[in-house]
> 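One structure, as structure tokens, below. Some questions next.
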Amino acid sequence: MTRLLLEWLDSRTGYRSLMHEALYERVPGGARWRYVWGSTLVFTFVTQLITGLFLWMSYSPSSQTAWESVYYIQHEMQLGWMLRGIHHFTAQAMVVLLVIHLLQVIIDGAYKAPREVNFWLGLILMKIVLGLSLTGYLLPWDQKGYWATKVATNIAGITPVVGEQVQTLAVGGPNYGHHTLTRFFALHAGLLPALLIGFLALHMYVFRRHGLTVPDPIHKPDSTFWPDQVLKDGVACLAVLATVLFLVMYHGVGPHGGAELGAPADATENYSAARPEWYFLFLFQMLKYFPGESEVIGAMLIPGVILTILALMPILGRWKLGHSFNVAFMGGIILGVVILTGLAIREDSGNTDYRWAVADAETKAERVKELAELQGIGPAGAVQLLRDDPKTRGAALFAAKCASCHRYAGHDGVGRVSAEPATAADLATFGTREWIHSILTDPAGEKNFGATARVPEVGERFTKGEMAQWVAECVTSGKLTAAELNTIVEFLASLSEHKLRGPVDQTLVSAGQKLFAEGKDGVTACYDCHAMKVSPDPEGLFEGSSAQIATGAPDLTGYGSAAWLRDFLINPGDKRFYGSHNAMPGFGGQLSDVELKLIVDFLLHNWLEKPPAAGGAAGSTH
Amino acid sequence: MSQPPESDAGPTTPDYLVPPEPRRNFVAQLAAVVVGGLTGLVPLAAGLATFLNPLRKSVKDKLAPSGSEEGFYKVAHLDSLSAVPQAFKIIADRKDAWNTFPKDAIGSVYLTKGDDGKILAFNLTCPHAGCAVDWRPAKKAYHCPCHNSSFTADGTRAPDSPSARDLDSLEVKVDTNGAVWVKYQDFKTGEKEKHPA
């Protein structure tokens with residue numbers, strides 16, 4: 001029955017001779033491993049078609065949804081990380097295999113007559129693959145792809161005569177945005193694969209016409225493509241697949257493995273870690289040697305000359321020394337690429353700014369995913385999550401606005417350590433019990449007011465000022481016991497809105513209030529210098545003349561609250577705060593309300609955080 | 001192009017073009033099929049797993065709107081209802097794949113209050129094929145613009161309607177503050193009986 005059906009099918013389609021044609025190609029000298037490279041390239045392309053098609057079903061190309069949909073694929077969809085990982089690393093495998101294939105063709109002289117046309121077809125295929133790689137790099141719309149691709153389109157912009165038009169057409173408008181993505185996506189998933197399929201078909205057709213380039217036909221008895229060579233090809237493809245899977249799972253099995261996804265693209269956030277995909281690093285490095293107007297030489301002239309010589313190889317190969325020249329030329333290119341890539345990597349690894357930028361990019365990438373999980377992504381897209389995030393954005397503002405004088409746990413808020421010594425307090429613990437205790441026991445300590453003494457205009461105003469004297473007289477001397485001191489600490493901490501403060505001990509607070517207001521024998525009250533109001537104030541502790549006798553003793557009403565801190569940042573020289581003692585610039589005119597809030601929330605740890613996993617009970621005293 | 005049946009076996013590939021298949025090791029053939037199949041299956045499997053993602057229970061749960069109390073949404077105040085059907089929006093935190101839209105409209109219901117104080121709530125979706133019905137004051141009927149199903153004010157289907165059942169009524173309750181709560185849910189269309197979708 002089956003046999004009859006197949007015969008009928010053959011009579012209508014002639015599939016048998018087609019299958020025969022396809023499968024029983026003669027392999028002179030027997031199947032060999034050296035013939036597998038072309039097949040592995042076909043395999044990688046088919047893999048890209050399959051995985052690309054499935055990715056397409058979940059991808060949404062617009063500047064508010066591209067990163068978000070890729071995030072969803074990677075973190076929410078079943079095996080999405082695996083799908084994306086395979087697509088990402090197979091793309092890289094394809095470039096490597098392409099180079100191997102090209103090298104083999106040149107070394108074996110397979111570009112010579114009668115195979116010139118097929119060599120040219122191969123070069124076209126190479127450019128299509130590189131085009132796919134370039135367009136695909138942008139699609140996740142993360143910082144890395146965004147900034148790296150921007151460089152690529154800017155380079156297109158320096159093309160003589162038509163550069164500006166080419167760039168505008170590629171970008172789809174004056175700026176990067178929705179239409180950049182729709183255009184790149186149409187190229188990546190439509191035009192380029194269609195071209196690749198067409199040229200691949202021609203490439204294989206011409207290949208079959210001329211057959212394999214066989215170095216020694218008497219190696220072994222002749223064989224056929226099926227099954228001997230197919231098996232060898234299959235094993236090679238399996239090895240490629242295994243390598244890809246290894247790379248996919250190298251950084252972990254699950255959403256945290258697979259292909260990288262950086263923070264969402266943000267045109268207003270400088271990204272100093274921008275680098276092209278590793279196989280374009282040599283081009284990136286080369287551009288460093290062609291400054292200014294000469295960029296066009298490195299970006300276009302040299303690559304253009306190299307590609308032209310490659311294309312001319314079949315003709316050059318006709319001369320006596322042509323083949324040797326071709327092989328030497330190819331060797332030279334490879335050497336050049338390896339050296340330039342090596343230099344690029346070496347320069348980066350010795351560059352602390354770059355290494356910091358990479359670490360910072362990783363922090364933000366992790367953070368935005370955490371925020372997406374904690375609060376969901378709003379209609380404005382994930383980029384807004386980071387812009388509103390005190391933990392990263394507030395830290396960056398601290399680094400930009402505060403860290404020229406202040407420190408944050410010894411660094412600038414985002415992990416960079418300055419060579420210059422600090423000239424103001426380290427604010428990492430501001431508003432916590434630890435901070436208050438430290439000010440009350442060691443006001444002149446390096447992390448407190450000690451650093452201000454480095455500023456000549458400030459001098460010893462704080463380190464030997466009235467506060468320091470009070471501490472020496474009342475605390476260091478032991479007049480105030482440790483327990484008593486703690487009540488004051490607890491009282492002031494009760495005013496703080498630091499998110500990790502935890503619950504307060506009301507008994508201690510009451511005792512602290514009293515001590516703050518009235519002092520005790522031999523201990524001057526805090527209230528004698530610092531203004532204070534509490535509510536409720538049943539005992540009327542702070543009803544007397546609001547003190548603020550000493551200039552430079554800040555009003556401590558609501559000390560460590562968001563409102564206090566905000567007012568302080570706006571004008572620390574207000575008489576409520578340091579008055580004429582002040583040495584800090586006011587930020588009222590410099591920072592917007594949003595920015596002020598971000599810094600305040602950063603200092604008070606007021607940001608969304610995943611509840612600590614069982615065991616790590618930070619900030620909880622229950 | 002039809003050919004007489006007897007020539008069906010005709011132009012098969014001529015024998016001389018099909019040389020005897022080389023005697024090959026069966027193991028090699030099997031290995032080639034297995035190895036080749038494996039390489040194709042892995043990317044396909046990853047793709048299919050992602051494709052089938054919407055069928056997962058956890059995904060459905062995660063994408064369900066939040067903001068209801070046991071399925072009931074606060075929709076309107078008792079005083080704003082009358083005997084004439086009015087459409088009210090159901091407000092909830094809507095989710096769409098990666099996006100969360102806080103306090104967004106997830107659907108609408110028609111509410112009426114009869115003279116006896118009885119409150120009726122209807123899902124706007126026509127039970128026939130899922131278009132949205134309109135209240136037509138002139139005809140005093142709910143009318144479906146797609147296939148002309150028609151329902152009276154109490155949801156009963158008009159005799160010649162293509163819809164197989166009456167409009168889908170929804171559970172209603174009124175709290176002590178006079179707020180009207182509706183248990184908003186969708187039902188499968190095209191069936192005679194009402195089954196939650």
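Because only heavy atoms are used, hydrogens play no part in the values below, and waters and symmetry mates are left out as well, while side chains stay in. Letters A, B, ... mirror the listed sequences (proteins, then strands); counts begin at 1.
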> Take a 6.0 Å sphere around NZ of B:Lys194 and say whether it holds more than 12 heavy atoms from other residues, nucleotides or ligands.
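Check passes, neighbour count above 12.
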> Which atoms of A:Leu245 come close to chain B, meaning under 4.5 Å heavy atom to heavy atom: side chain ones, backbone ones, both, or neither?
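For A:Leu245, side-chain heavy atoms alone lie under 4.5 Å from chain B.
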> Taking only residues two or more places apart in sequence or in another chain, which ones pass salt bridge (Lys or Arg N to Asp or Glu O under 4.0 Å) with B:Arg165?
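Counting only residues at least two positions away or on another chain, B:Arg165 forms a salt bridge (Lys or Arg N to Asp or Glu O under 4.0 Å) with B:Asp168.
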> Suppose a student defines contact as a heavy atom less than 4.5 Å from any heavy atom of chain A. Which residues in residues 118-135 of chain B would they list?
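So far as heavy atoms go, nothing in residues 118-135 of chain B approaches chain A to under 4.5 Å.
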> Determine whether more than 12 heavy atoms belonging to other residues, nucleotides or ligands lie under 6.0 Å from atom CD of B:Glu191.
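Result for CD/B:Glu191: enclosed.
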> Against chain B, label A:Leu238 side chain, backbone, both or neither, depending on which of its atoms sit under 4.5 Å from a heavy atom there.
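A:Leu238 touches chain B through backbone and side-chain heavy atoms alike.
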> In terms of heavy-atom proximity below 4.5 Å to chain B, should A:Met57 be classed as side chain, backbone, both, or neither?
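When you check distances to chain B, only side chain atoms of A:Met57 fall under 4.5 Å.
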> So which part of A:Thr65 gets closer than 4.5 Å to some heavy atom of chain B, the side chain, the backbone, both or neither?
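Both backbone and side chain.
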> I need the B:Asn53 CG to A:Ser58 OG distance, nearest 0.5 Å.
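Result: 7.5 Å between the selected atoms.
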> Name the option with the most non-hydrogen atom pairs under 4.5 Å to chain A; the candidates are B:Ala32, B:Gly37, B:Gly47.
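Of the candidates given, the most pairs with chain A belong to B:Gly47.
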> May I ask you to name which of A:Val46, A:Val230, A:Leu231 has the most heavy-atom pairs under 4.5 Å with chain B?
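Max contact count across the listed options: A:Leu231.
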> Less than 4.5 Å apart, any side-chain heavy atom of B:Phe51 and any of A:Gln78?
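Contact flag for B:Phe51/A:Gln78 side chains = no.
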> With chain A as the partner chain, list the residues of residues 89-114 of chain B whose heavy atoms fall under 4.5 Å from it, by residue number, and write 'none' if nothing qualifies.
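Within residues 89-114 of chain B, the residues under 4.5 Å from chain A are B:Ala97, B:Trp98, B:Asn99, B:Thr100, B:Phe101.
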> Taking atom NE2 of A:His219 as the centre, report whether more than 12 heavy atoms of other residues, nucleotides or ligands fall under 6.0 Å from it.
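Enclosed: over 12 neighbouring heavy atoms sit under 6.0 Å from NE2 of A:His219.
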> Please report the interatomic distance CZ(A:Phe54) to CG(B:Leu48), rounded to the nearest 0.5 Å.
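It comes to 4.0 Å.
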> Applying a criterion of heavy atom separation less than 4.5 Å, what residues of residues 54-85 of chain B form contacts with chain A?
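The residues closer than 4.5 Å to chain A, in numerical order, are B:Arg56, B:Val59, B:Lys62, B:Leu63.
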> How about CE on A:Met204, more than 12 heavy atoms from neighbouring residues, nucleotides or ligands closer than 6.0 Å, or not?
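For A:Met204, atom CE is not crowded (no more than 12 foreign heavy atoms under 6.0 Å).
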> Decide if atom CG of B:Asp115 counts as having more than 12 heavy atoms of other residues, nucleotides or ligands within a radius under 6.0 Å.
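12 or below, so no.
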> Ignoring hydrogens, what is the shortest heavy-atom contact between A:Leu241 and B:Thr39? Give both atom names and the distance.
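Answer, listing the atom of A:Leu241 first, then B:Thr39: CD2-CA, 3.9 Å.
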> What are the two closest heavy atoms between A:Leu79 and B:Ala49, and how far apart are they?
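Nearest pair, atom of A:Leu79 first, then B:Ala49: CD1-CB, 3.6 Å.
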> Can you tell me which portion of A:Thr90 sits under 4.5 Å from chain B's heavy atoms? Options are side chain, backbone, both or neither.
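Neither; nothing under 4.5 Å.
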> I'd like to know which of A:His75, A:Met82, A:Glu76, A:Met77 tops the heavy-atom pair count under 4.5 Å against chain B.
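Heavy-atom pairs under 4.5 Å are most numerous for A:Met77.
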